[in-house]
Amino acid sequence: MRTLAILILSLLTLLSAPALGADFDKGVSAFQRGDYATALREWTPLAEQGHVEAQYILGVMYSIGQGVEQDYATAAEWYRRAAEQGLADAQHNLGVMYALGQGVIQDYVKAHMW
């Protein structure tokens, strides 16, 4: 799972690096060093302000328990926020969570919708 999180983070960084702020980049550097507490500290305020990539990455971290205690409900909330902004990976992950009933009430209609 850690490899998956690093791969996702690396791809996200490569695809949107020019548009990202310095705080997001600090979070990326911290994450790559294994300093998940600092990454979380950098990304949480950004995510709360609507930064879609930060929202998605927090969803991944909470979903797999990377640097935080695994919490599907919190993961689903971060995925939902990013999904509502149109981020396809977040939409997919939220749909899977609805299909499996992870952190949300199992709902195949919502799973299909996302």
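Since the structure is predicted, the reported quantities are computational estimates derived from the model, not experimental observations. Hydrogens, waters and symmetry mates are skipped; everything else that's a heavy atom, side chains included, is used.
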[X] side, atom [atom1]; [Y] side, atom [atom2] - distance, nearest 0.5 Å:
X: Leu87; Y: Arg81; atom1: CG; atom2: CZ; value: 14.5 Å
X: Ile57; Y: Leu46; atom1: CD1; atom2: CG; value: 12.0 Å
X: Gln49; Y: Thr44; atom1: CD; atom2: OG1; value: 11.0 Å
X: Leu58; Y: Gln66; atom1: CG; atom2: CD; value: 12.5 Å
X: Leu94; Y: Gln102; atom1: CG; atom2: CD; value: 11.5 Å

Closest heavy-atom pair and its distance - [X], [Y]:
X: Ala82; Y: Ala90; answer: CB-CB, 3.5 Å
X: Gly95; Y: Ala111; answer: O-CB, 3.3 Å
X: Pro45; Y: Glu42; answer: CD-O, 3.6 Å

**Asked** Short question: side chain of Gln91, backbone of Trp114 - any donor-acceptor pair under 3.5 Å?
**Response**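 Checked: no pair found.
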Tell me whether the centres of the aromatic rings in Trp43 and Phe24 are closer together than 6.0 Å.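 Close enough - the centres of the two rings lie under 6.0 Å apart.
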Who passes side chain to side chain donor-acceptor pair (under 3.5 Å) against Gln85, sequence neighbours left out?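 Listed in chain order: Gln55.
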Is it the case that one hydrophobic cluster holds both Met113 and Tyr79, taking links as side-chain heavy atoms less than 4.5 Å apart, direct or via other members?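 Linked within one cluster.
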Extract all donor-acceptor atom pairs below 3.5 Å that involve side chains of residues 67-74 and protein atoms in other chains or at least two apart in sequence.
residue: Gln70; atom: NE2; partner: Ser63; partner atom: O; Å: 2.7
residue: Gln70; atom: NE2; partner: Tyr72; partner atom: OH; Å: 3.1
residue: Asp71; atom: OD1; partner: Ala73; partner atom: N; Å: 3.1
residue: Asp71; atom: OD1; partner: Thr74; partner atom: N; Å: 3.1
residue: Asp71; atom: OD1; partner: Thr74; partner atom: OG1; Å: 3.4
residue: Asp71; atom: OD2; partner: Thr74; partner atom: OG1; Å: 2.8

By salt bridge (charged side-chain N to carboxylate O under 4.0 Å, His left out), which residues pair with [X], not counting sequence neighbours?
X: Asp107; value: none
X: Arg80; value: Glu77, Glu84
X: Glu48; value: none

Legend entry - Partners passing side-chain contact (heavy atoms from CB on, under 4.5 Å) against Ala30 (at least two apart in sequence or in another chain):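 By the side-chain contact (heavy atoms from CB on, under 4.5 Å) rule, Ala30 matches Arg33, Asp35, Thr38, Ala39.
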Hey, does Tyr56 have a side-chain heavy atom less than 4.5 Å from the side chain of Val60?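 They are in contact (side-chain heavy atoms under 4.5 Å apart), so the answer is yes.
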Legend entry - Leu40 and Tyr36, any side-chain heavy atoms less than 4.5 Å apart: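 They are not in contact (no side-chain heavy atoms under 4.5 Å apart), so the answer is no.
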Suppose clustering is done on Ile, Leu, Val, Met, Phe, Trp and Tyr with side-chain heavy atoms closer than 4.5 Å. Which residues sit in the same group as Val96?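 Result for Val96 is Leu100.
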